[in-house]
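As structure tokens, the structure follows; a few thoughts come after it.
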Amino acid sequence: MIPRRELLLGGAALAAGALLPRRAAALGEGSALDIAEIQLSSGTSSRPEAWKRLLFEVIQTTSVEATPRVVQLSPDDPALFAHPFAVLVGDGALPPLSEPARQQLERYLAYGGFLFVDDATGTSESDFDRTFRQLARQLFPTRPLTTLSADHSVYRSFFLIREPLGRVAVHRALEGVAQGSTHALVYGRDDLSGALDRRGDGRDANACVPGGEDQRREAVKLGVNLVLYALTSNYKQDAAHVQELLREGRLE
Amino acid sequence: MSWWVNDCCGPGGTLVWTTPAWGLAGAVLVGVLLLAATLRPWPTGRRWLEVAAWAVAVAALVFAASGAAWVQEGDRVEEGRLVVLVDASRSMTVHESDGRPRSDRVADILARLPGAEVYSYGEKLRPGAPVAWTDGDSDLGGALDGIARRYAGERLAGLVVVSDGLDRGGLRRRMLGEPEAPLPRLGGPLTLYQVGTPGERDDTAVVDIRAGGFAFLRTPFKVEVDVRATGSRAQSVPVLLSRDGQPAGRAVAELDADGRGTASFTLTPDKVGRFLFEASVPIGPTDTVPSNNALDLAVRVVRDRVRVLQVSGSPSWDQKFLRLFLKEDPSVDLVSFFILRTMRDMGSGYNASELSLIGFPYRELFSEQLGSFDLVVFQNFDYEPYFEFQPQQLLDNVASYVRDGGALVMLGGDRSFDLGKYGATPLAGVLPVQLGVTGDPVAPDRFRPTLTEAGARHPVTRLAGDHAENQATWARLAPLDGANRTMGARPGAAVLLEHPTETGPGGVPLPVLAVGEYGAGRSMALTVDASWRWSFDEAGAGHGNQAYLRFWKNALRWLIGDPEDQPVVAEVGRDNYEPGQEAAITVRVRDIAFAPLPGALVEVAVSGPGGRTTLTGATAPDGALTVTVPTADRGAHRVRAVARGADGAVLGEAQTVFAVTSRDPELDEIEPDVAFLTSLAARAQGRLVPPGTWQEPLRDPEAGRRVRDRKVTPLWSMPLVPFLAIAAATLSWTIRRRSGLR
């Protein structure tokens, strides 16, 4: 008899019906996971199809109750607090935040919200990168953006990820700003949303270079991990998990 | 002649004037004036004789007023003194094999030492032989120091100690355990008269019980009991350890050649609070001191950290915010298990090696480790897919865990309550809501729960100290996304929050938050999965997340039922007292919001071996009342405090315990300590005289003391002075009368 645990961990044989997306089954739609895209007056872009794809993957792959809903909000919109997972996709120079927007974003991150910032340019230097760093300093004057260590929970919150990749594989690392024992803000510069994005006909919007579809697969896994990290924070740093993964040889 | 001059004026003396100089000058002045008055008119013929007589009388008076004295000083040597120290402690009342107490032998010894200066000692040194042997804590070292101070500089002829050697002041320990320990100051050669013969009595005793003062909840701790048996050939002694009167363990102490041994117990406390442990050994028919066969000790069991098991069936914002709260509380030791993937999620084509998932050790958690947690949280967790083996047994374990004093929270979601199929499981019996919903198990509309009357009073839902502010806070909190339906509250449970529109059987509003007590444990049901909005939405509105934190802090505190967080708490200043000390008992009374409650009427009943004492009083503005009770009787004392409101309604009660050492240390050990007496005699180069024999005490033939004598003879009071004054005055008067003078 195959232990249920093994099945839970990796059983591949499942009814085909499981591949179909399921609706959120939380008590109300409000508590199901969705994504808020933060839009500024300039420098940001919107990729709702990329985030819907991510939510679809989360629904299909994990036990998280999610709904494929993406809303666009400005950083000073009070509705932001109905969506604890937010993303900001940038492709140009960002304007400074207004004081109300800064205060609200700061409160959002301090009280449990999570923000993933994605540099859609995928280049080594960009106006977006430069202006976002200024914005990060505006939000966190005393806490710098730092590169997340290889054993950070975001790399093991669901999948074991060795290298964070997106549409491109230039930087192969994530940065973040610590909020207590976790990171409320994570910054990627390899255009993750570009790897997830789809056109209206359902085809991928962009090619992933240099790794092609394998790289896109890794990007999807990274997206899922970001969601799970936002929900479980440093859960995967708990001793029980680390010891078990080490014992099984899945962590070095 | 010597009578006339007070035997004064021997050789080597000196004349001193005891009257102050101004008095002396005044007396001389008065004398001169008196004489001058007699010289007018100028004397002639026989008047010279009359004036001379008058002058003698005045001079005698002036001399008397001068305070003249003759002082003689000189040294001499007196014979050295013999000082006897008699042990006056209660161990001297132990009867020897001949039926006579040890103290009887003291009289025999003192009768052979006439002229000795006798002192008795227990804790303190007193002059004179003991009248009653009632002292405790005999301190020979302190007594010897006292003698050394009292006879400082004097070389004693001898120093005698009459004792059974059972010293409790530290000298015995130093003499036997520290070869280089200095001797106390001795003013002369030491002779020790031993009273009591070893091995003559049959006695088994518990000598000591050690538990380290306090223990941690659910953490094994060791209790060690030292026993001693004399007069028998026993090689082991059975020891019984009881906790609050109930057997807690049995062990055997193996005895060494000296009849000493230790029994060890390992206990794992399952409750916090103060508990009385008693170690006892059997009392044989010939046991000399039955009272030393048991020993009490109060041990405080404290909580190290609150250990919480959070099991979530699905990662969610509700789970995240609760984890953040628990994880950031330093007093919480959190163990989390989240189901990240179910059978439904396995068609996505990823290999197990790509995943960081681990197995869910449900069997270990809900069987072996369950008792190590103070609180178990089922957060939208459905047991059925995971509890493969003996699911009913595992859930029954959880129910038993609650009834035995554990705490359980079930939070809402699509895998909770009836949606988690708990209705027909043992867990349903320890939930404060009734399961078995037959219709739609979810009330999906957004709603803002209503604070019930019970909720307005209960500490779990007290978000603000002020009643109106508390109501306003609940009314302000963000709406929730939906709720699990139930069949209403279980009988005996309290509904703190209810649905504003949805109702259950009988049209009763649907419970949203309910609490209940089952056996010794507590449970709470929150039928929503969006309490995180009380944190995040509140923060978004600029109110911070205090409402959420306070709610869960209240819930945590109430659920674990910490004795310090009960409405009525009784505290005793110390765990263990000595007889004669006063035990201070403080009773704190708090209202449902845990605010101090002044003016509460408190009755404190203290039950001990000597009976029951009841004290009453009212709490002060700080909600506390302190009473003191004397601790005359040895043994366990149980305190029960009942607080009542002004209307007589019981607000709550609390219990605690303290121990008054149930033992007389003087009778714990009754075997004479010959080793100590021998060691002391050897170190002091003295003599030990065994019982039943007689030897004279060691004496220093050259001992003695130099005494300085000082003899002061007052000259002004010698009979010659008034005689001269009176005789001269009479002569003067006679001459004047015969001369026709006035």
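All chains are named by letter (A, B, ...) in the order of the sequence lines, taking the proteins before the strands, and each is independently numbered beginning at 1.
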*asked:* I need the B:Y548 OH to A:Y111 OH distance, nearest 0.5 Å.
replied: 14.5 Å
*Sequence neighbours left out, what passes salt bridge (charged side-chain N to carboxylate O under 4.0 Å, His left out) with A:R53? Give chain and number order.*
A:D204
*asked:* Does any backbone or side-chain atom of B:T527 lie under 4.5 Å from a heavy atom of chain A? Answer side chain, backbone, both or neither.
replied: backbone
*Checking heavy atoms, do the side chain of A:Y155, its backbone, both or neither come under 4.5 Å from chain B?*
neither
*Please check if the side chain of B:S314 supplies one atom and the backbone of A:S63 the other of a donor-acceptor pair under 3.5 Å.*
yes
_As a quick check of understanding, evaluate side-chain contact (heavy atoms from CB on, under 4.5 Å) for B:K320 and A:Y235, giving each step before the final call._
CA-CA 10 Å; B:K320 170 182 178 158; A:Y235 167 60; over 6 Å; no
*Of all residues at least two apart in sequence or in a different chain, which pass the side-chain hydrogen bond (donor to acceptor under 3.5 Å, both in side chains) check with B:T503?*
none
_So for A:S233, is it side chain, backbone, both, or neither that comes closer than 4.5 Å to the heavy atoms of chain B?_
side chain
_Distance check, rounded to the nearest 0.5 Å: B:S356 atom OG versus A:F158 atom CZ?_
7.5 Å
*Reported CD-to-OH distance for the pair A:E57 and B:Y350, which is rounded to 0.5 angstrom*: 4.5 Å
*Could you look at A:N234 and say if it's the side chain, the backbone, both or neither that has a heavy atom under 4.5 Å from chain B?*
both
*Please indicate whether A:E163 has more than 12 foreign heavy atoms, meaning atoms of other residues, nucleotides or ligands, lying under 6.0 Å from its CD.*
yes
*Distance-minimising heavy-atom pair for B:F338 and A:T232*: CD1-CG2, 3.8 Å
_Which atoms of A:S157 are under 4.5 Å from chain B, going by heavy atoms: the side chain, the backbone, both sets, or neither?_
backbone
_At a 4.5 Å cut-off on heavy atoms, which part of B:F321 comes close to chain A: side chain, backbone, both, or neither?_
side chain
_Gap between atom CD of A:E65 and atom CH2 of B:W317 - 0.5 Å precision_ = 13.5 Å
*asked:* Can you tell me which portion of A:V224 sits under 4.5 Å from chain B's heavy atoms? Options are side chain, backbone, both or neither.
replied: neither
*asked:* Going by side-chain hydrogen bond (donor to acceptor under 3.5 Å, both in side chains), name the pairs with one or both residues in residues 475-484 of chain B, residues two or more places apart or in two chains.
replied: A:S31-B:D481, B:R446-B:D481, B:R476-B:E538, B:D481-B:R533
*Please say which of A:L231, A:T62, A:L228 ends up in a side-chain contact (heavy atoms from CB on, under 4.5 Å) with B:L340.*
A:L228
_Within residues 322-334 of chain B, residues adjacent to chain A where the heavy-atom gap is under 4.5 Å_ = B:R323, B:L324, B:K327
*Name the region of B:A483, side chain, backbone, both or neither, that has any atom closer than 4.5 Å to a heavy atom of chain A.*
backbone
*Using a cut-off of under 4.5 Å for heavy-atom pairs, which of A:G112, A:G180, A:P84, A:A230 has the most such pairs with chain B?*
A:P84
